[in-house]
Structures are given as C-alpha cells and as structure tokens.
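A quick write-up on the structure given underneath.
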Amino acid sequence: QVQLVESGGGLVQAGGSLRLSCETSGGTSVNYAMGWFRQAPGKEREFVAAIARTAFSTIYADSVKGRFTISGDNTKNTVYLSMNNLKPEDTATYYCAAVQSAIPSGQQGDYDYWGQGTQVTVSS
C-alpha cells in the first residue's frame, strides 16, 4: 500500500519561504512521478509542480514558476517543494500525489495516490 505523508506547512509572512516534504512508502520507486497540488478555501484543487524521479524532469504551474522548486531525494524516498517569495494567494492546503510514470503530469486524474495534505498560510 503506497502511502504519502506531507510535512513542512505552517504560517509565514508574505515574502517568506517554506519547504514542504512528501515522504513515500509502501512500494514507490524511482519509476514514479510525483506532483504537488493545492486547494484554497472555496476553490478547486490546482496543479503546482511535478517531477519524474527517473530523470528529474520537472513542470510547473505558471503562477509559481521562478518562486517554487520541486526536487527529490531517491535515497530518502522524499520529494520536496521549496517555496520562496510566498504570497497571500499561495495560502492553501498542499497535497502530494504519486503515479507510476516516467513523465511528470499536471493532471490530477493521472495520479493514483494522494497524501492528506499540509496547510500553508501566508499572511500579508
């Protein structure tokens, strides 16, 4: 049973930084692609970033390009989302997701496994 556990969320002022972690267990391997999504109150869940663990190819939503970086440590089965220059509109619950694929995807429906989420709040 694949399990994903997010951590690292919290409260930060605008312009600050946070690093989210997603630790995987139960069978994920380097053949998995990992994604980060977020959902703000009253809004639909949206794509943030994704990475293919084989070649570390990455894709990003336009709203976070240049501010967020997704990376992975295959020795720790962990994927990270480094978030810089945070804005109040980044406030959301952030979820990581996994799918057995060599290609990163920005589509929620492509992912088979999801974590429980970690809250990020950015104050103005």
Side-chain angles (χ1 to χ4, degrees):
Q1 179 74 15
V2 173
Q3 292 186 324
L4 310 177
V5 179
E6 303 98 333
S7 62
L11 174 64
V12 64
Q13 289 187 332
S17 300
L18 282 174
R19 190 178 77 160
L20 306 183
S21 299
C22 175
E23 185 174 357
T24 70
S25 61
T28 57
S29 69
V30 294
N31 294 319
Y32 276 71
M34 304 291 296
W36 285 98
F37 294 79
R38 66 186 182 186
Q39 187 169 19
K43 295 187 177 181
E44 294 186 353
R45 189 160 57 185
E46 64 177 6
F47 169 70
V48 177
I51 186 169
R53 295 173 67 185
T54 49
F56 291 107
S57 58
T58 59
I59 55 174
Y60 294 92
D62 287 343
S63 60
V64 305
K65 280 182 181 176
R67 300 189 298 123
F68 291 11
T69 302
I70 188 170
S71 61
D73 185 339
N74 290 335
T75 64
K76 297 182 179 180
N77 287 327
T78 301
V79 174
Y80 304 98
L81 184 67
S82 298
M83 306 183 295
N84 297 315
N85 190 21
L86 283 161
K87 304 175 181 181
E89 51 264 42
D90 295 317
T91 295
T93 300
Y94 283 71
Y95 300 89
C96 71
V99 60
Q100 191 166 6
S101 173
I103 302 172
S105 171
Q107 301 300 315
Q108 298 183 50
D110 289 342
Y111 289 86
D112 296 318
Y113 305 100
W114 292 83
Q116 294 299 308
T118 185
Q119 178 66 37
V120 171
T121 303
V122 184
S123 63
S124 57

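What you see is a predicted model, and the numbers here were worked out from it, not measured in a lab.
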Under 4.5 Å between side-chain heavy atoms, hopping through other hydrophobics if needed: is there a path connecting V48 to Y80?
no
Check whether F47 and Y113 end up in the same hydrophobic cluster, where Ile, Leu, Val, Met, Phe, Trp and Tyr are linked by side-chain heavy atoms less than 4.5 Å apart.
no
So, applying side-chain contact (heavy atoms from CB on, under 4.5 Å) with Y95, which one of Q108, R38, E6 is it?
E6
Atom CD of E89: over 12 foreign heavy atoms under 6.0 Å:
yes
Closest non-hydrogen atom pair, D110 against S105
OD2-OG, 2.5 Å
Show, in sequence, the C-alpha distance, side-chain angles and deciding distance for M83 and V12, and conclude whether the side chain to side chain contact (heavy atoms under 4.5 Å, CB included) test is met.
CA-CA 11 Å; M83 306 183 295; V12 64; over 6 Å; no
Enclosure of I103 CD1 (heavy-atom neighbours >12, cutoff 6.0 Å):
no
From L18 atom CG to Y94 atom OH, the distance as rounded to the nearest 0.5 Å
9.0 Å
Honestly curious: do W114 and V99 fall in one hydrophobic cluster under the side-chain, below-4.5 Å linking rule?
yes
Show, in sequence, the C-alpha distance, side-chain angles and deciding distance for K65 and D62, and conclude whether the salt bridge (Lys or Arg N to Asp or Glu O under 4.0 Å) test is met.
CA-CA 5 Å; K65 280 182 181 176; D62 287 343; 3.2 Å; yes
CG-OG1 distance between L4 and T78, expressed to the nearest 0.5 angstrom
10.5 Å
Would you name the heavy atoms of K76 and E23 that are closest together and state the gap between them?
O-CG, 4.4 Å
Y111 vs F37, side chain to side chain contact (heavy atoms under 4.5 Å, CB included): CA-CA, chis, key distance, verdict
CA-CA 11 Å; Y111 289 86; F37 294 79; 3.6 Å; yes
Quick one: CD on Q13 to OG on S124, what's the gap to the nearest 0.5 Å?
9.5 Å
Rounded distance [0.5 Å steps], OG in S17 versus CZ in R67:
10.5 Å
Taking all non-hydrogen atoms of both residues, which atom of S57 and which atom of P104 are closest, and how far apart?
OG-CD, 3.4 Å
Could you tell me which non-hydrogen atom of T91 sits nearest to which non-hydrogen atom of V122, and how far apart they are?
OG1-N, 2.9 Å
Under the criterion side chain to side chain contact (heavy atoms under 4.5 Å, CB included), I'd like the reasoning laid out for T24 against V2: C-alpha separation, chi angles, the key distance, then a yes or no.
CA-CA 7 Å; T24 70; V2 173; 5.6 Å; no
Please report the interatomic distance CG(L81) to OH(Y60), rounded to the nearest 0.5 Å.
8.0 Å
Separation between CZ of F68 and CH2 of W36, rounded to the nearest 0.5 Å
11.0 Å
Only counting residues at least two apart or in another chain, list the ones meeting side-chain hydrogen bond (donor to acceptor under 3.5 Å, both in side chains) with S82.
none
